[in-house]
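Heads up: the structure comes next, in structure tokens.
Values reported hereafter were calculated over all heavy atoms of this structure, with side chains retained and with hydrogens, waters and symmetry mates removed.
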Amino acid sequence: MFTYTLLNLIKSPVRTFQLILAATIVLLLMLTAGAFQEGMKQSLSISGDSKNVILLGVGSEESMERSEVPFSAVSAAKTIPGIEESLGSRAVSPQIIFNSVVTFQGKDFDAILRGITPEELLVYPAISIQEGRFPNSGEILVGKMAYQRLGIPKENLTIGSEINYEGKTFTIVGTFAAPGTTLESEIWFNLNDLMAITQRDSVSAIILRLGDAEFDDIDLFTKQRLDLQLSAVKESDYYQMLDRFYQPIQTMAWITAILIAAGALFGGLNTFYAALMSRKKEFATLQAIGFSRTKILMTIVGESLFVHVLAFLTAAIIALYLFPAIHVGFGSTYFSLSLTPSLILATFLLAFAMSVLVTCIPAWHCLTPPLNNLLKD
Amino acid sequence: MKKIIMTTIVAGLVLGCSQKEETKSEIQAVETEKIELISADSFGHIEAEETLTVTQARNKNAGDSIIVKGKIMGAISPFVESRAMFIIGDPETITSCELMGADDHCKTPWDTCCEPKEKLAAGTISVQLVDEYGKVIKQGLQGQYGLDNLKHVVIQGKVSELSNADTMTIVAEKIMVK
């Protein structure tokens with residue numbers, strides 16, 4: 001019976017190809033929607049470190065870009081007991097962040113700019129400088145996905161290249177990686193450079209890394225120093241809030257994928273129906289020579305299972321090779337489509353369920369009518 | 001045989017229950033210990049001939065004894081969750097959001113998001129309870145002895161040594177909830 005199933009698939013290669021293609025489209029769409037969700041979730045969740053606390057200006061707790069923190073708060077924050085310390089430096093990182101336009105090779109590009117100090121590497125231990133070094137005045141560090149954000153080829157944004165901002169030229173002296181975070185799409189300046197150019201005497205935020213201190217100690221500090229008008233927000237909470245902001249987009253991605261997949265599923269169902277109904281007489285003959293209905297049903301499901309497993313493998317291979325190269329951008333967030341073992345398993349289970357589902361109606365129509373009626377058809 | 005089985009079951013149940021009781025009493029002990037961090041003596045009636053407003057109190061110096069009245073407000077959350085500290089504001093100079101009339105302009109009714117930062121800094125004071133070593137007690141005050149957001153309170157205490165012209169903290173000796 002297994003040989004019979006296989007021979008049936010080979011007998012009409014065009015029909016088999018059509019079936020595999022239809023199923024591949026459905027599964028690939030589901031993988032895409034799932035990978036989109038995972039990529040966005042990973043990007044936002046990794047960006048929030050549970051040991052980090054952000055000090056923001058009162059009233060700007062939802063946006064680092066909008067926030068203003070007086071520079072005097074930096075030295076005050078360094079006095080909080082229990083902040084992590086490394087080689088005599090306290091993990092207190094003041095920074096300015098905003099979207100602006102930079103000029104590269106005579107063209108204007110929209111970019112996320114962040115002014116930082118070396119303490120940035122203390123509050124984000126996951127960040128590594130891949131090439132080059134930390135920037136001094138007049139120099140910049142670019143995230144490894146900044147070229148995506150700027151929309152230019154990767155090889156153009158290398159060490160030694162120059163970027164103009166507000167009439168001043170900055171040389172790229174290094175690239176950094178911050179796996180899975182939104183930071184990788186940014187351009188990092190020396191904090192003093194950015195403060196001077198933008199004529200600011202305040203920073204956007206101060207990020208602290210907790211050592212022995214607890215979040216409440218930082219909250220206590222902000223409420224003792226009412227003159228600074230600060231709010232303490234756990235970094236994980238800040239990015240969870242951003243995640244909630246992106247929730248409708250994620251839901252929309254699922255709904256779109258489900259709608260397209262439903263269309264493709266009905267297409268596949270139709271193809272399967274036509275393919276099986278054309279073999280109505282063949283199944284009746286098999287019944288006439290003594291094969292039971294259950295055995296024939298098993299053959300039909302077996303064929304469908306084979307088609308769907310092939311479709312799953314095709315979709316999974318395409319996704320494995322293609323998805324890491326696809327980068328999606330939303331405002332200040334850039335991420336790659338991300339495949340996880342659970343997503344691949346879920347897609348395999350979907351393929352299995354589909355293989356049974358698409359055979360139900362045609363099998364009913366082919367096998368349940370009386371044998372003499374089927375043979376007469 | 002039946003008797004042995006029954007005895008084992010009964011013994012098991014008794015032991016299980018007594019272990020549960022032990023765990024319960026352990027939790028109660030921990031809770032009692034927690035509650036005892038904040039003394040009941042810190043709350044009660046304050047007799048005062050003259051009570052200062054928050055704005056008036058800002059003229060006092062570090063170490064001065066003080067009796068000040070105010071309203072618990074001035075931030076999205078005026079209390080620190082597990083520290084004996086909260087913020088009071090001067091209701092005569094600062095308007096909390098529940099009195100503004102319009103909906104959805106603040107995150108919480110006790111926030112003062114519509115006030116300028118300078119006015120806020122001048123019209124608010126931190127109040128804290130400290131232990132015998134002068135450290136802020138590691139227990140939240142919200143819900144203790146009627147203390148809650150938007151409540152009017154009178155504080156008797158001393159201006160903390162940490163205070164200066166820009167910011168003021170009062171180390172409370174007694175708190176009265178109106």
Worksheet item: Using non-hydrogen atoms only, which part of B:V127 is less than 4.5 Å away from chain A: side chain, backbone, both, or neither?
Response: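 Neither part.
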Between chain A and chain B, identify all donor-acceptor pairs below 3.5 angstrom, including backbone and side-chain atoms.
unit_1 : atom_1 : unit_2 : atom_2 : d
A:E61  : OE1    : B:K107 : NZ     : 3.2
A:E214 : OE1    : B:R83  : NH2    : 3.1
A:D216 : OD2    : B:S82  : N      : 3.2
A:D216 : OD2    : B:S82  : OG     : 2.2
A:D217 : OD1    : B:R83  : NE     : 3.1
A:D217 : OD1    : B:R83  : NH2    : 2.9
A:D217 : OD2    : B:R83  : NH2    : 3.3
A:K223 : O      : B:S126 : OG     : 2.3
A:K223 : NZ     : B:S77  : O      : 3.0
A:Q224 : O      : B:T167 : OG1    : 3.0
A:Q224 : NE2    : B:Q128 : OE1    : 2.9
A:L226 : N      : B:T167 : OG1    : 3.4

Item to complete: Could you tell me which of B:I125, B:I87, B:L162 has the largest number of non-hydrogen atom pairs under 4.5 Å with chain A?
Response: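 Counting heavy-atom pairs under 4.5 Å, the top option is B:I87.
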Fill in: Qualifying salt bridge (charged side-chain N to carboxylate O under 4.0 Å, His left out) pairs with a residue from residues 70-85 of chain A, counting only residues at least two apart or across chains
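Checked against salt bridge (charged side-chain N to carboxylate O under 4.0 Å, His left out) - neighbours excluded - the pairs reaching residues 70-85 of chain A are A:K51-A:E84, A:E84-A:R209, A:E85-A:R90.
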